[in-house]
Amino acid sequence: MKKYLFTYALIAVLLTSLTAHAQQPSYIDMLGQQPKWVDSVFKKLSKKQKIAQLFFVAAYSNKSARFTDSIAKVIKKEKVGGLVFFQGGPYRQAVLTNQYQKKARVPLLIASDGEWGLGMRLDSTIAYPYQMALGAVQNKELIYKMGLEVAKDFRRIGMHMNLAPDVDVNNNAKNPVINYRSFGENKYNVTEKAGAYLKGMQDGGLLVSIKHYPGHGDTDVDSHFDLPQLKFTKERLDSLEMYPFKELIKQGAAGVMIAHMNIPSLDATPNMPSTLSKPIVTGILKEQQKFKGIIISDAMGMKGVVKYFKDGEADVMGIIAGNDILELSENSKRAVKMVRQAIKDQRLTIERIDESVKKILTAKYWAGLNKKQRVNEENVYEDVNRPESMVLLQQLADASMTLLRGRDFIQALTPNKRTFMIDVGLSATSKFQQEMAMVYKNSIRFNLDKAATPADIANVLSQITPEDQVIIAIHDTRTRPGNNMPLNADLKAMISNMATKEVAFVLFANPYNLAAIPGIENSRALLVAYQKEEFMQKAAASVLKNQLIPTGKLPVTASTFFKYGDGL
């Protein structure tokens with residue numbers, strides 16, 4: 001009985017919180033209201049403490065006690081403005097959050113990268129489909145609901161900001177860093193899907209940060225390791241890369257994250273990252289595009305920003321440029337000292353600092369940090385793995401299924417007929433095969449892992465007769481579904497050969513991989529299922545069992561044969 005009463009009480013608290021956020025002004029509107037709490041806290045801060053509010057440091061819940069203690073010391077001594085949590089677990093993070101908030105004189109604003117929910121960073125939590133798969137979904141209401149669920153999860157463990165969604169237009173198939181993190185190559189589709197996700201999160205009481213301004217989609221360089229250069233004209237950037245940002249700013253996005261990219265048409269200074277560019281951050285984003293919200297740098301330790309601006313100079317320049325929050329400085333203590341010196345040297349003014357501090361304090365007020373918060377440490381796992389979230393996860397997977405070939409062929413599959421099911425890229429039976437076997441009772445299952453030899457392949461194919469039904473599933477087993485999935489030449493030759501026969505194919509991989517599988521365009525049936533996770537395998541099996549009509553559309557041009565928007 002006590003357990004039920006606790007559950008009802010928790011639900012009541014969550015509903016009250018959601019109702020409160022639905023009734024209060026947006027963060028952007030609140031910036032113009034100057035809440036009394038913001039003024040009260042602001043007036044008590046010294047110059048050093050004001051500067052420290054602009055710095056957010058990395059936190060983990062899967063590291064040693066020594067690391068945990070070191071972050072606690074930074075919070076207490078440096079009085080930083082917030083934390084960005086990375087890997088760990090939900091319960092451990094909830095406990096740490098309570099410990100860290102106790103150390104803070106001004107409550108910490110706590111953020112994380114959760115482009116596909118808590119599961120992007122934390123174990124034993126829900127990872128929703130990658131944005132590439134969501135770009136295929138035609139029902140944006142499902143994506144809005146995902147935003148609401150992600151907001152519940154974040155707030156349940158004491159977080160206030162999601163550094164998402166990614167609104168880059170991925171119009172370069174070779175992009176090594178955005179790729180499957182994007183809703184796709186079409187600026188209108190990206191804007192629509194990102195807008196639904198953003199609105200869901202903000203309606204759920206979560207601050208967001210659209211990224212990576214002014215657009216990281218058309219590059220083949222990863223800014224974690226080097227400084228990408230965009231050589232496009234100002235007109236091209238304004239009409240394409242910046243389009244989602246401009247539209248989502250109009251829709252009330254609370255935050256914008258700046259990318260580390262060199263863009264000569266916007267700032268001709270040699271080797272100047274956009275993060276450190278006043279003409280880009282202040283001139284274009286704030287003044288031309290009228291963005292009033294919170295501006296966040298991408299991680300300040302990335303090579304894209306520190307390659308040419310070393311030893312803390314990047315931190316100073318980032319603030320001069322117009323960033324409000326600098327996340328993950330290489331050395332926040334050094335950075336605060338250097339910013340103070342820059343004020344003395346008249347490189348920037350204290351008024352510039354004050355502007356950012358008030359934005360950050362207003363964000364804390366909007367998130368409810370004007371009142372003491374303590375994360376409930378009971379039932380954390382259960383509360384971030386809700387049954388309704390699991391249902392939504394499967395609905396999203398189902399809605400992403402994209403059939404490129406063979407609706408009639410699939411509808412003609414017969415459960416009673418002998419069916420060969422071959423998993424390519426796996427060494428063990430898949431969830432897909434298990435689900436299929438529930439209907440296709442007379443099935444024979446095989447696996448050809450990514451190192452399969454010609455003898456292995458011949459052994460499997462020799463057992464197939466002309467009367468058999470054949471379903472081949474191609475699996476990318478890597479943690480992240482990028483390009484260049486590891487299939488050897490023999491497997492590719494087998495796929496090309498089987499594509500000329502009466503065979504249905506399913507791709508559990510990034511659709512860009514279709515370009516690297518010659519001959520698959522000839523297949524009688526081809527279903528794209530985007531990624532390896534079991535919810536995608538269940539969705540694909542539902543299509544092949546004729547229990548689900550696929551409605552997804554390709555969010556990118558995958559090859560010369562499969563274009564953006566394709567889908568039967």
Side-chain angles (χ1 to χ4, degrees), residues 127 129-130 132-133 173-177 179-181 222 397 400-402 404-405 419-437 443-464 468 470-501 503-541 543-544 556 558-559 561-562:
Y130 299 124
M132 179 72 77
K174 296 179 180 179
N175 195 319
V177 64
N179 202 302
Y180 63 88
R181 297 166 60 193
D222 186 341
S400 73
M401 292 296 104
T402 304
L404 299 178
R405 291 278 188 278
T419 304
F420 270 76
M421 293 189 289
I422 305 170
D423 274 340
V424 175
L426 292 180
S427 56
T429 300
S430 65
K431 183 68 173 177
F432 174 71
Q433 286 192 354
Q434 292 171 3
E435 292 285 323
M436 290 290 289
S443 62
I444 303 171
R445 293 176 268 176
F446 293 97
N447 292 85
L448 290 169
D449 69 25
K450 58 190 177 184
T453 66
D456 296 329
I457 296 168
N459 177 55
V460 172
L461 299 184
S462 66
Q463 301 180 54
I464 301 172
D468 293 325
V470 182
I471 298 168
I472 299 177
I474 305 167
H475 299 259
D476 185 354
T477 58
R478 295 173 298 174
T479 303
R480 300 286 181 253
N483 300 359
N484 305 312
M485 62 182 294
L487 291 179
N488 65 34
D490 295 313
L491 286 170
K492 288 183 179 179
M494 183 270 288
I495 292 169
S496 180
N497 177 50
M498 294 301 288
T500 64
K501 305 181 188 304
V503 177
F505 287 88
V506 183
L507 183 73
F508 293 107
N510 187 317
Y512 285 129
N513 285 288
L514 289 170
I517 309 175
I520 200 165
E521 68 275 3
N522 300 315
S523 56
R524 291 295 308 276
L526 175 59
L527 179 69
V528 175
Y530 295 96
Q531 54 192 86
K532 65 182 174 61
E533 280 68 26
E534 287 194 354
F535 51 80
M536 288 295 189
Q537 296 189 44
K538 288 175 68 176
V543 173
L544 271 294
V556 294
S559 71
F561 302 100
F562 302 114

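We use all heavy atoms of the structure for the numbers below, so side chains are in, but hydrogens, waters and symmetry mates are not.
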Practice task
Mind listing the closest non-hydrogen atom pair of Pro518 and Ala516 along with its distance?
Solution key: CD-O, 3.3 Å

Completion exercise
In terms of heavy-atom contacts, Met421 and Ala437 come closest through CE-N, 4.2 Å

Exercise for the section: Return the set of residues passing side-chain hydrogen bond (donor to acceptor under 3.5 Å, both in side chains) with Asn447 (not counting sequence neighbours), or none when no residue passes. Expected result: none

Practice task
Using modelled atom types only, decide if a donor and an acceptor are shared between the side chain of Gln433 and the backbone of Phe446 within a distance under 3.5 Å.
Solution key: yes

Exercise for the section: Return each pair, listed once, that meets ring-ring contact (aromatic ring centres under 6.0 Å, His included) where at least one residue sits in residues 512-539; pairs must be two or more places apart or across chains. Expected result: none

Practice task
With sequence neighbours excluded, tell me which residues meet salt bridge (charged side-chain N to carboxylate O under 4.0 Å, His left out) with Asp222.
Solution key: none

Problem - Check: Val460 and Met494 side chains under 4.5 Å, non-hydrogen atoms - result: no

Problem - Partner set under side-chain hydrogen bond (donor to acceptor under 3.5 Å, both in side chains) for Tyr130, not counting sequence neighbours - result: Arg480

Problem - Close side-chain approach of Met436 to Thr419, heavy-atom, < 4.5 Å - result: no

Exercise for the section: State which residues pass side chain to side chain contact (heavy atoms under 4.5 Å, CB included) with Asn522; sequence neighbours excluded, sorted by chain then number. Expected result: none

Fill in the blank from the handout: Sorted by chain and number, sequence neighbours left out, ring pair (Phe, Tyr, Trp, His ring centres under 6.0 Å) with Phe562 holds for none

Completion exercise
Value for OG1 (Thr500) from CD1 (Ile495), rounded to nearest 0.5 Å, stands at 12.5 Å

Problem - salt bridge (charged side-chain N to carboxylate O under 4.0 Å, His left out) involving Arg478 - partner list, sequence neighbours excluded - result: Asp476

Handout entry: Closest approach of Ala540 to Val506 (non-hydrogen atoms, all atoms of both residues)
Key = CB-CG1, 3.9 Å

Fill in the blank from the handout: Residue set satisfying salt bridge (charged side-chain N to carboxylate O under 4.0 Å, His left out) with Arg524, at least two apart, ordered chain then number -> Glu502

Handout entry: Minimum heavy-atom distance between Met536 and Ala529, given as atom pair plus value
Key = SD-O, 3.3 Å

Exercise for the section: Flag the pair Thr477 / Leu426 as yes when at least one side-chain heavy-atom distance between them is below 4.5 Å, and no otherwise. Expected result: yes

Practice task
Measure the CD1-CG distance between Ile422 and Leu461 for me, rounded to the nearest 0.5 Å.
Solution key: 6.0 Å

Completion exercise
The reported gap from CG in Leu404 to CD in Glu521 (rounded to nearest 0.5 angstrom) is 11.5 Å

Problem - Ile474/Asn513 under side-chain contact (heavy atoms from CB on, under 4.5 Å): CA gap, chis, key distance, verdict - result: CA-CA 10 Å; Ile474 305 167; Asn513 285 288; over 6 Å; no

Practice task
Using the test salt bridge (charged side-chain N to carboxylate O under 4.0 Å, His left out), find all partners of Glu435 that sit at least two apart in sequence or belong to another chain.
Solution key: Lys431, Lys545

Completion exercise
Here the pair of heavy atoms bringing Gly519 nearest to Ala499 is O-CB, 3.3 Å

Exercise for the section: Identify, with sequence neighbours excluded, every residue that meets side chain to side chain contact (heavy atoms under 4.5 Å, CB included) alongside Lys501. Expected result: Asn497, Met498, Val503

Exercise for the section: Find out whether Ile457 and Leu491 are in side-chain contact, i.e. whether some heavy atom of one side chain is under 4.5 Å from a heavy atom of the other. Expected result: yes

Practice task
Take Asn483 and Asn510 through the test side-chain contact (heavy atoms from CB on, under 4.5 Å) and record every step on the way to the result.
Solution key: CA-CA 7 Å; Asn483 300 359; Asn510 187 317; 3.8 Å; yes

Handout entry: Test ring pair (Phe, Tyr, Trp, His ring centres under 6.0 Å) applied to Phe508 - qualifying residues, sequence neighbours left out
Key = Phe432, His475

Practice task
Compare all side-chain heavy atoms of Ser430 with those of Gln537 and state whether any distance is below 4.5 angstrom.
Solution key: yes

Exercise for the section: Using the side-chain contact (heavy atoms from CB on, under 4.5 Å) rule, take Leu507 and Ile517 through it: C-alpha gap first, then chi angles, then the decisive distance, then the call. Expected result: CA-CA 11 Å; Leu507 183 73; Ile517 309 175; 4.3 Å; yes

Exercise for the section: Could you tell me which residues satisfy side chain to side chain contact (heavy atoms under 4.5 Å, CB included) with Asn459, sequence neighbours excluded, listed by chain and number? Expected result: Gln463

Exercise for the section: Identify the two heavy atoms, one from Pro486 and one from Lys450, that lie closest to each other, and give their separation to 0.1 Å. Expected result: O-CB, 3.2 Å

Exercise for the section: Would you sort out whether Ile520 and Phe561 count as a side-chain contact (heavy atoms from CB on, under 4.5 Å), showing the intermediate values? Expected result: CA-CA 10 Å; Ile520 200 165; Phe561 302 100; over 6 Å; no

Practice task
With the side chain counted from C-beta on, respond yes when Ile444 and Asp468 share a heavy-atom pair under 4.5 Å apart, and no when they do not.
Solution key: no

